[in-house]
Amino acid sequence: MLSKSNHLSRRFVLQLLGGTGLAIAFSSCRAQTPSTTAPLRIGLNVGNVPWEFENEAGELVGFEVDMIRIIAEQLNRPLEFLDLPFIDLFPSLLSQRIDIAMASITITAERKENFDFAQPYYDSDQSLTAKADSNINRLEQKC
C-alpha cells in the first residue's frame, strides 16, 4: 500500500495492476510524500505460496514479489521487505511501519474504509467442499 498523499506513485501503481479479486493495499494515512531514494517498505507474509515465499536458495520469490519489483523499478525506488504475520499487516500500514501490504489480500468493504487498493489482479471466488458421500448438499446443513 502507498499513501494517498503520494499521488504520482499511487496513481502509477493503481494503473499498473489489473484483474479482479486479490490486490495489494495502500495506506491512506501518510502525510508526506517519501523521498524517491527512500525504500518502499513492503509488508508481506513469507510462506504464502505462490504469492510470496522463499525458494530452495532462500531467495524471496513469487508472483507478488515479481510484481512489486517491477513497480519499484518503474518508480526508481529500492525495496525493503518485512516478513509479518498477516494479522499485523494492516496495523503496520496504519502506523506507517510499512508503505505497501501484499499477501494475496482480499478487498472487503471494511478494509476499503481505511485503505486504498490497487486494481485487483486475481479472481479468487470462495467455495466450500464436502466429500461426495457426506450427504451434505446445501450450506444450511451441518455435519
Side-chain angles (χ1 to χ4, degrees), residues 1-34 38-143:
M1 295 185 201
L2 293 176
S3 90
K4 284 187 178 181
S5 64
N6 191 352
H7 297 292
L8 292 177
S9 297
R10 182 175 163 270
R11 184 175 302 128
F12 173 80
V13 174
L14 294 176
Q15 290 173 353
L16 181 65
L17 304 173
T20 60
L22 302 178
I24 57 177
F26 299 85
S27 171
S28 61
C29 63
R30 292 235 358 222
Q32 298 176 0
T33 301
L40 287 175
R41 298 166 300 168
I42 311 300
L44 69 161
N45 186 232
V46 175
N48 185 23
V49 178
W51 309 104
E52 50 266 343
F53 61 100
E54 288 185 351
N55 65 14
E56 299 81 21
E59 301 164 324
L60 190 57
V61 296
F63 176 79
E64 290 180 335
V65 174
D66 292 344
M67 185 174 55
I68 202 67
R69 285 188 171 136
I70 292 168
I71 291 168
E73 182 179 306
Q74 292 295 313
L75 295 173
N76 197 29
R77 300 276 300 274
L79 289 170
E80 178 184 333
F81 292 103
L82 288 92
D83 183 16
L84 301 169
F86 186 86
I87 196 167
D88 290 343
L89 291 173
F90 297 107
S92 294
L93 280 169
L94 290 172
S95 69
Q96 300 178 25
R97 179 177 177 209
I98 60 175
D99 302 306
I100 296 174
M102 58 182 215
S104 58
I105 297 170
T106 303
I107 300 170
T108 65
E110 183 180 358
R111 289 176 180 163
K112 285 172 77 173
E113 290 177 15
N114 294 304
F115 305 102
D116 285 336
F117 289 86
Q119 288 181 334
Y121 49 81
Y122 181 77
D123 185 0
S124 61
D125 295 329
Q126 303 294 317
S127 64
L128 298 173
T129 305
K131 290 178 61 176
D133 63 356
S134 70
N135 296 324
I136 297 175
N137 54 25
R138 292 188 332 269
L139 286 175
E140 297 80 19
Q141 286 181 281
K142 296 183 180 181
C143 297

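Heavy atoms only: backbone and side chains are in, while hydrogens, waters and symmetry mates are out. Since the model is a prediction, treat every value here as computed from it, not as a measurement.
- Closest non-hydrogen pair, Ile107 versus Pro120, comes out as CD1-CG, 3.6 Å.
- In this structure, the side chain of Arg41 does not engage the main chain of Phe81 through any donor-acceptor pair within 3.5 Å.
- Counting all heavy atoms, side chain and backbone alike, Phe53 lies closest to Val46 at CA-CG1, 4.2 Å.
- Atoms OG and CZ, on Ser95 and Phe90 in that order, are 13.0 Å from each other to the nearest 0.5 Å.
- Atom CG of Asn135 has 12 or fewer neighbouring heavy atoms from other residues, nucleotides or ligands inside a 6.0 Å radius.
- Between the Asn45 side chain and the Asn48 main chain, no donor and acceptor come within less than 3.5 Å of each other.
- For CZ of Arg111, the number of neighbouring non-hydrogen atoms (other residues, nucleotides, ligands) closer than 6.0 Å is greater than 12.
- Using a 4.5 Å heavy-atom threshold, the side chains of Glu64 and Leu44 count as separate.
- The shortest side-chain heavy-atom distance between Ile42 and Ile98 does not fall under the 4.5 Å cut-off.
- With contacts defined as side-chain heavy-atom distances shorter than 4.5 Å, the pair Ile68/Met102 qualifies.
- Contact annotation: the side chain of Leu93 approaches that of Phe115 to within less than 4.5 Å [non-hydrogen atoms, C-beta and beyond].
- A donor-acceptor contact shorter than 3.5 Å is absent between the side chain of Ser134 and the backbone of Ala130.
- Residues Leu79 and Arg69 meet the side-chain proximity criterion, which asks for heavy atoms closer than 4.5 Å.
- Nearest heavy atom pair, residue Val65 against residue Val61, reads CG2-O, 3.6 Å.
- Of the inter-residue distances, the one linking Ile71 atom CD1 with Asp66 atom CG reads 11.0 Å to the nearest 0.5 angstrom.
- Without hydrogens or angle criteria, Glu52 side chain to Gly47 main chain gives no donor-acceptor distance under 3.5 Å.
- Using bins of under 30°, 30° to 60° and over 60° for the plane-to-plane angle, the ring pair Phe63/Trp51 lands in the perpendicular bin.
- Atom CG of Asp88 and atom CG of Asp83 lie 10.5 Å apart (nearest 0.5 Å).
- Contact between Ala38 and Pro78 at its shortest, heavy atoms only, is O-CD, 3.9 Å.
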Ile136 and Lys131: CA distance, side-chain angles, deciding distance, side chain to side chain contact (heavy atoms under 4.5 Å, CB included) verdict: CA-CA 8 Å; Ile136 297 175; Lys131 290 178 61 176; over 6 Å; no

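- For Glu73, the CD atom counts as loosely surrounded, since its 6.0 Å shell holds 12 or fewer non-hydrogen atoms of other residues, nucleotides or ligands.
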